[in-house]
Amino acid sequence: MIELSPTAARPAPSEAELARARRDFFLRGRPPSVSLGRQVLGSWTRCVQRGLVAERACPVEPLTAAALTEARERAELLRRLAEPELEFLAETLADTASQVILANAYGLILETRGDTRAMDRATRVALLPGVSWAEAAMGTNAIGTALTDNELTEIWGSEHFHDQHHRLCCTAVPILDHAGRPVGLLDVSGDARLPRGYARSIVMRAAREIEHRWLLNAPEQLARLRFHPARACVGAYQEGVLLLDEDRIVGANRSALQWLDTDWSLVGRRVDEVFDHAEVSAERLRTHGGRQLFGQLQAPRRVQIDPPAPAEESSLWLGEAQRSALARLRRAIDAGLATVLLGETGCGKEALARRAHALSARASGPFVAINCAALPETLIEAELFGYVEGAFTGARRRGSPGRIAEADGGILFLDEIGDMPLPLQSRLLRVLQEHRVEPLGGGAPRTVDCVVLCATHCDLDAMVAEGRFRADLLYRLQEHRVELPPWRSLPEAQRRDALALLWRQSGGPARGMVLSAAALECLLAHPWPGNFRQCAAALRALAALADDGAKIGPADLPAELRPAPAPPRVSLDELGRGAIVAALARHGGKVAPAATELGIHRATLYRQMRRLGIAAREPGATAQAVRKGNAGA
Ligand SMILES: Nc1ncnc2c1ncn2[C@@H]1O[C@H](COP(=O)(O)OP(=O)(O)OP(=O)(O)O)[C@@H](O)[C@H]1O
């Protein structure tokens with residue numbers, strides 16, 4: 001059963017008791033002798049297990065403006081539905097100098113309202129939009145802990161895990177969707193001297209209002225059963241609401257769980273498992289437990305609503321080179337020019353070709369991609385040119401038109417064209433010249449209108465010179481040529497920008513993860529021979545393996561991305577000794593020419609030799625010095 005009404009404030013431990021509890025737990029490593037809230041102790045334990053250290057400051061690393069905009073766009077519905085509550089809470093709590101916060105389901109602050117002038121600067125900065133308060137990063141705090149426990153959470157003063165948050169008090173309530181999953185969170189944060197529980201009921205009520213709107217915003221194809229023990233409350237925010245798909249409950253709000261005395265397992269059950277079926281009417285309901293409720297059944301609208309297109313960030317990062325390649329490629333497609341795309345593996349040849357196709361006049365036509373390296377030589381011919389029934393053993397009944405014919409009206413993308421066997425190159429050339437394909441086994445030729453794009457990382461000119469690629473085919477395929485730069489050749493600012501996009505696409509930031517500056521530097525320093533593909537895959541793996549809200553440092557990166565250990569330290573004296581001894585050795589122990597070579601005055605060299613204990617003219621001593629010098633260097 002879900003607790004809706006604010007629970008009575010638990011007896012608050014005094015500051016002295018909390019200090020004792022912290023000493024027990026953090027210093028002595030034993031359960032506190034003072035009674036703490038269940039959530040506080042649970043969260044402290046999790047934080048310690050994660051390796052967080054209470055006295056160590058956790059740096060505040062807000063998202064970049066672009067990443068914050070993206071996170072806000074993703075939470076557009078939540079922000080819209082929560083707006084009135086944010087304003088209401090800020091106004092109601094104005095006297096308490098509290099900050100009202102809307103966070104996403106990963107603890108990332110999206111919106112704030114209220115006057116924070118009374119707070120110290122560090123706290124003000126930490127409570128700004130773009131900062132993640134996920135428990136894994138910030139330790140015990142109401143936002144992160146409420147999302148972990150999925151319940152109302154109050155964290156006061158030194159109940160916070162990190163010392164730096166001890167001036168704060170926070171009250172947070174997750175905002176739940178129709179199936180009980182958090183879609184966001186409402187929080188009120190203020191000075192720890194405020195009385196415990198001051199914001200509890202008002203925040204809880206605001207969260208319920210938002211959830212109520214969220215539920216009523218559900219697709220209109222679903223029926224809504226709204227009910228309450230008091231007739232006057234049907235339609236008000238306290239009402240229970242069930243979303244029904246035929247006779248199945250597909251959603252509920254917390255009030256529904258309260259009035260039906262159940263939990264989220266309700267979602268998925270049939271209506272007659274909950275109500276006496278005969279009694280289900282628009283007006284009156286009776287639960288199997290005998291509870292009488294007033295109800296209102298809102299029939300579904302039988303209209304087909306197209307789901308809104310998901311707000312998807314452009315998946316391609318376009319630097320100057322990519323942008324210009326894209327523009328040229330699109331024009332080439334529109335002009336019907338066969339184009340070769342050159343570039344290392346993973347630098348985006350196919351991705352760019354697909355984007356250019358989507359922007360071209362052929363966008364409504366197909367984009368048929370064939371990887372010439374992936375097809376066995378025996379199959380490539382049939383795959384490309386098609387075949388008639390019975391053309392060869394294993395041929396499909398009714399034959400196949402072939403991939404070239406499938407590209408009619410669109411684009412034929414031949415990846416790894418350098419791997420196309422010579423005999424097939426001749427056939428391909430004929431198709432390109434005649435715009436016709438003849439299926440294997442002697443079927444009727446078919447006219448095909450497609451633009452051919454090829455991609456390769458091979459040097460096709462060299463292959464032609466070596467006789468491995470037909471020159472006439474290359475001329476036909478390479479009416480135009482577009483080259484994409486490897487990742488490592490991009491200017492640092494562009495690599496930084498591209499990394500930021502790939503990191504967002506990995507899903508990490510949306511789950512509240514933050515890349516530390518040091519980790520970012522490691523990623524930037526890596527040459528990524530597999531280019532975008534390799535970098536994107538590494539970031540996806542990083543995000544998949546990290547906890548929500550984690551702060552990712554260099555130690556969390558795979559070994560090959562971590563900075564190499566520093567070379568052993570060599571003192572300046574050792575370096576100097578090595579250089580002097582070597583110069584003396586080269587000049588048979590003569591100081592004057594050695595000083596000239598070293599670019600210092602003879603007197604300076606004598607002084608340094610005395611200081612470093614180097615003898616010059618005695619041959620034995622010089623040889624010894626040479627050995628010593630080399631060992632030192
Ligand atoms: N500019 C880019 N921005 C974001 N992601 C990119 C970019 N370029 C490539 N990628 C991603 O990298 C991966 C590899 O890209 P793509 O297949 O286009 O590379 P390729 O050059 O054709 O590689 P190969 O020669 O190995 O076939 C894809 O997942 C693609 O989405």
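In this text the structure is predicted, and so the values were computed from the model without any measurement. Computation of the quantities below employed the complete heavy-atom set of this structure, encompassing side-chain atoms and omitting hydrogens, waters and symmetry-equivalent molecules. Start at 1 and go down the list; that is how both ligands and their atoms are numbered.
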Within reach of ligand 1, part of [X] (heavy-atom separation under 4.0 Å):
X    : result
E344 : backbone
D415 : side chain
L502 : side chain

Inset, instruction - May I ask you to say whether D556 pairs ionically with R562, meaning some side-chain N is under 4.0 Å from a carboxylate O? - result: no
Inset, instruction - Just need the protein heavy atom nearest to atom 11 (C) of ligand 1, so name the residue and atom and give the distance. - result: F532 CB, 3.9 Å
Legend entry - Heavy atom of the protein closest to atom 8 (N) of ligand 1 (residue, atom name, distance): G348 CA, 3.3 Å
Inset, instruction - Could you establish whether A536 and ligand 1 come within less than 4.0 Å of each other, counting only heavy atoms on the residue side? - result: no
Inset, instruction - Could you label the plane-to-plane angle of the H165 and H160 rings as parallel, tilted or perpendicular, counting under 30° as parallel and over 60° as perpendicular? - result: perpendicular
Legend entry - Whether R330 side chain and S360 backbone form a donor-acceptor pair below 3.5 Å: no
Legend entry - Main-chain N/O of I552 paired to S516 side chain as donor or acceptor, under 3.5 Å: yes
Legend entry - Protein non-hydrogen atom below 4.0 angstrom of atom 24 (P) of ligand 1 present: yes
Legend entry - Protein non-hydrogen atom found under 4.0 Å from atom 28 (C) of ligand 1: no
Inset, instruction - Please determine if E350 has a nitrogen or oxygen closer than 3.5 Å to a nitrogen or oxygen of ligand 1. - result: yes
Legend entry - N or O contact, T345 vs ligand 1, cut-off under 3.5 Å: yes
Legend entry - CD-CG distance between Q505 and L316, expressed to the nearest 0.5 angstrom: 8.0 Å
Inset, instruction - Start with the C-alpha distance between R481 and T339, add both sets of side-chain angles, then the distance that settles side-chain hydrogen bond (donor to acceptor under 3.5 Å, both in side chains), and finish with yes or no. - result: CA-CA 5 Å; R481 193 166 137 142; T339 303; over 6 Å; no
